[in-house]
Amino acid sequence: MLLWSSLVPKDTSISEMRRKDLMRPPQVFVYPGFITEAEGRSLVEEAGRRLKRRRFENGHWDSVITGYREIEFSTPDDQYPQQGLDIENGATVPPYVKAIQRTRSHLENHHFNSRGDCADAFSNNIRWLPCHAIDLSANGELKPHVDSVKFSGKVVAGISLLSDAIMRLRPSAKEWESEEKDTNHSAVLGASDRYVDLYLPKLSLYVLSGMSRYSFTHELLPSNTTFEYMEKKCMLCQHEDKGAEVVEKNGCENKSIDVLRGRRLSIIFRDAKKV
């Protein structure tokens, strides 16, 4: 069963202490529990079937990733975009396809409209590139990088499967090449000691857009890394001037999560670059 709360991004999945002044308005989002357990199993099973004959590779042509397997995770929607599949007809749509359709629909409705960074885009004009499935071994590495802007567009999103992880965003050392370059973004470039951490539990969806897409590199931290965050808390305490009267007082509590990252499967979503 899909809960409404899974459709709302969670601030405590983003390290509040280090994100201030780096990205405003918010252009990075994490939706914990975005897909169901059943959808997750279906995606893992289908990716496993397609990856069965592939071995883990020790390197990539751009030296960004090691200990991984990767495939294009296309669906009938990608192969026959005019025909598509009816998402309401559960009898004809495999669960993994339904999960991809629902994710794309969510991205179109919440990250390509006036409330999001992609305010100039409309849902009926969005063209999706085929998804990619990346199977990263427990000892694999995903090093700091900015996804290529040669073919993909304004949003990079991913569903996390098999294990939890921490993604770190750092200001990029280079300005992105884009026709819609904003000179205000360059002010944060080069601040290598500043970063934003994202806690990506299994079944979550993360979304990078705007500055987080173009101006920040992203990487996965190794296992046994701690995610630190601040949680707003309403505390009850006695007022000094009012004796025993109890009053509410807002505050923040420092919290942390120790993340043991094992083998990780991610389903990556990218929109096609407009020409």
Side-chain angles (χ1 to χ4, degrees), residues 1-2 6 30-62 64-81 84-87 89-107 128-143 145 147 152 156-167 198-208 218-225 259-271:
M1 179 179 179
L2 186 66
S6 67
V30 178
Y31 299 85
F34 180 79
I35 64 170
T36 65
E37 292 277 0
E39 289 173 330
R41 284 194 300 270
S42 179
L43 288 165
V44 170
E45 289 170 2
E46 180 62 21
R49 185 183 68 80
R50 300 189 191 189
L51 286 163
K52 183 170 56 176
R53 298 184 182 277
R54 291 180 178 264
R55 295 183 177 181
F56 284 92
E57 300 181 32
N58 292 324
H60 189 261
W61 63 269
D62 58 6
V64 164
I65 187 170
T66 62
Y68 77 104
R69 303 185 295 177
E70 181 176 9
I71 54 166
E72 186 177 277
F73 200 65
S74 60
T75 67
D77 285 339
D78 302 314
Q79 299 169 7
Y80 309 103
L85 293 174
D86 184 4
I87 194 170
N89 187 354
T92 61
V93 182
Y96 79 91
V97 175
K98 200 168 184 178
I100 289 175
Q101 289 179 327
R102 184 170 67 80
T103 303
R104 286 174 171 172
S105 178
H106 174 85
L107 293 171
W128 291 101
L129 297 174
C131 290
H132 274 233
I134 302 176
D135 186 3
L136 188 68
S137 69
N139 296 320
E141 293 181 282
L142 182 65
K143 301 174 184 179
H145 69 286
D147 281 25
S152 58
V156 175
I159 290 174
S160 300
L161 300 165
L162 296 182
S163 71
D164 303 345
I166 300 175
M167 176 176 283
L198 313 181
Y199 174 52
L200 308 179
K202 290 181 294 185
L203 308 179
S204 66
L205 171 72
Y206 71 84
V207 184
L208 307 179
H218 60 276
E219 63 190 284
L220 286 182
L221 299 187
S223 188
N224 295 307
T225 303
V259 178
L260 300 176
R261 199 201 84 203
R263 178 183 163 205
R264 180 176 186 269
L265 178 69
S266 55
I267 310 299
I268 306 300
F269 296 78
R270 300 182 182 94
D271 61 305

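Quantities reported herein were computed from a predicted structural model and do not represent experimental measurements.
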Of the non-hydrogen atoms in [X] and [Y], which two are nearest, and what is the gap between them?
X    : Y    : result
A47  : I71  : O-CD1, 4.3 Å
C131 : I267 : CB-CG2, 4.1 Å
S204 : P32  : CB-CA, 3.8 Å
R264 : S163 : CB-OG, 3.8 Å

Check your understanding: Quick one: side chain to side chain contact (heavy atoms under 4.5 Å, CB included) partners of L162, sequence neighbours excluded?
Key ->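 L162: side chain to side chain contact (heavy atoms under 4.5 Å, CB included) contacts with V44, R263, L265.
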
Check your understanding: Taking only residues two or more places apart in sequence, or in another chain, which ones meet I134 in a side chain to side chain contact (heavy atoms under 4.5 Å, CB included)?
Key ->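 I134 satisfies side chain to side chain contact (heavy atoms under 4.5 Å, CB included) with I65, E70, S266, I268 once adjacent residues are dropped.
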
**Study point:** Non-neighbouring partners of H145 that pass ring-ring contact (aromatic ring centres under 6.0 Å, His included), sequence neighbours left out
**Key:**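 H218.
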
Point to revise | Set of residues satisfying ring-ring contact (aromatic ring centres under 6.0 Å, His included) with respect to F269, sequence neighbours excluded | key: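 Partners of F269 under the ring-ring contact (aromatic ring centres under 6.0 Å, His included) test: none.
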
Practice item. Run through L205, L43, I100 and flag the one making a side chain to side chain contact (heavy atoms under 4.5 Å, CB included) with I35. Key: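 Option passing the side chain to side chain contact (heavy atoms under 4.5 Å, CB included) with I35: L43.
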
Under 3.5 Å, side chain of [X] to main-chain N/O of [Y], donor-acceptor pair present?
X    : Y    : result
S223 : R261 : yes
T103 : A99  : yes
R54  : R69  : no
S74  : P130 : no
N224 : L260 : no

What's the spacing between [X] [atom1] and [Y] [atom2] if we round to 0.5 Å?
X    : Y    : atom1 : atom2 : value
S160 : M167 : OG    : CE    : 7.0 Å
T36  : R41  : OG1   : CZ    : 7.5 Å
K98  : T75  : NZ    : OG1   : 14.5 Å
L220 : L198 : CG    : CG    : 10.0 Å

Check your understanding: Should the heavy atoms of other residues, nucleotides or ligands under 6.0 Å from CD of E72 be counted, would the total exceed 12?
Key ->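 Correct, the count exceeds 12.
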
Quick one: are [X] and [Y] in side-chain contact, heavy atoms under 4.5 Å?
X    : Y    : answer
E46  : F73  : yes
D164 : L200 : no
Y31  : V207 : yes

Point to revise | Qualifying residues under salt bridge (Lys or Arg N to Asp or Glu O under 4.0 Å), relative to E219, sequence neighbours excluded | key: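 Once residues adjacent in sequence are excluded, the partners of E219 under the salt bridge (Lys or Arg N to Asp or Glu O under 4.0 Å) criterion are R170.
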
Point to revise | Under the salt bridge (Lys or Arg N to Asp or Glu O under 4.0 Å) test, residues paired with R104 that sit two or more places apart | key: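 With sequence neighbours excluded, R104 shows a salt bridge (Lys or Arg N to Asp or Glu O under 4.0 Å) to D78, given in chain and number order.
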
Practice item. Verify side chain to side chain contact (heavy atoms under 4.5 Å, CB included) between V30 and Y199, making sure each step is shown before the conclusion. Key: CA-CA 8 Å; V30 178; Y199 174 52; over 6 Å; no

Review point. Between F34 and R102, is there a cation-pi geometry (under 6.0 Å to ring centre, at most 45° from the normal)?
Key: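 Judged by the rule, R102 and F34 form a cation-pi pair.
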
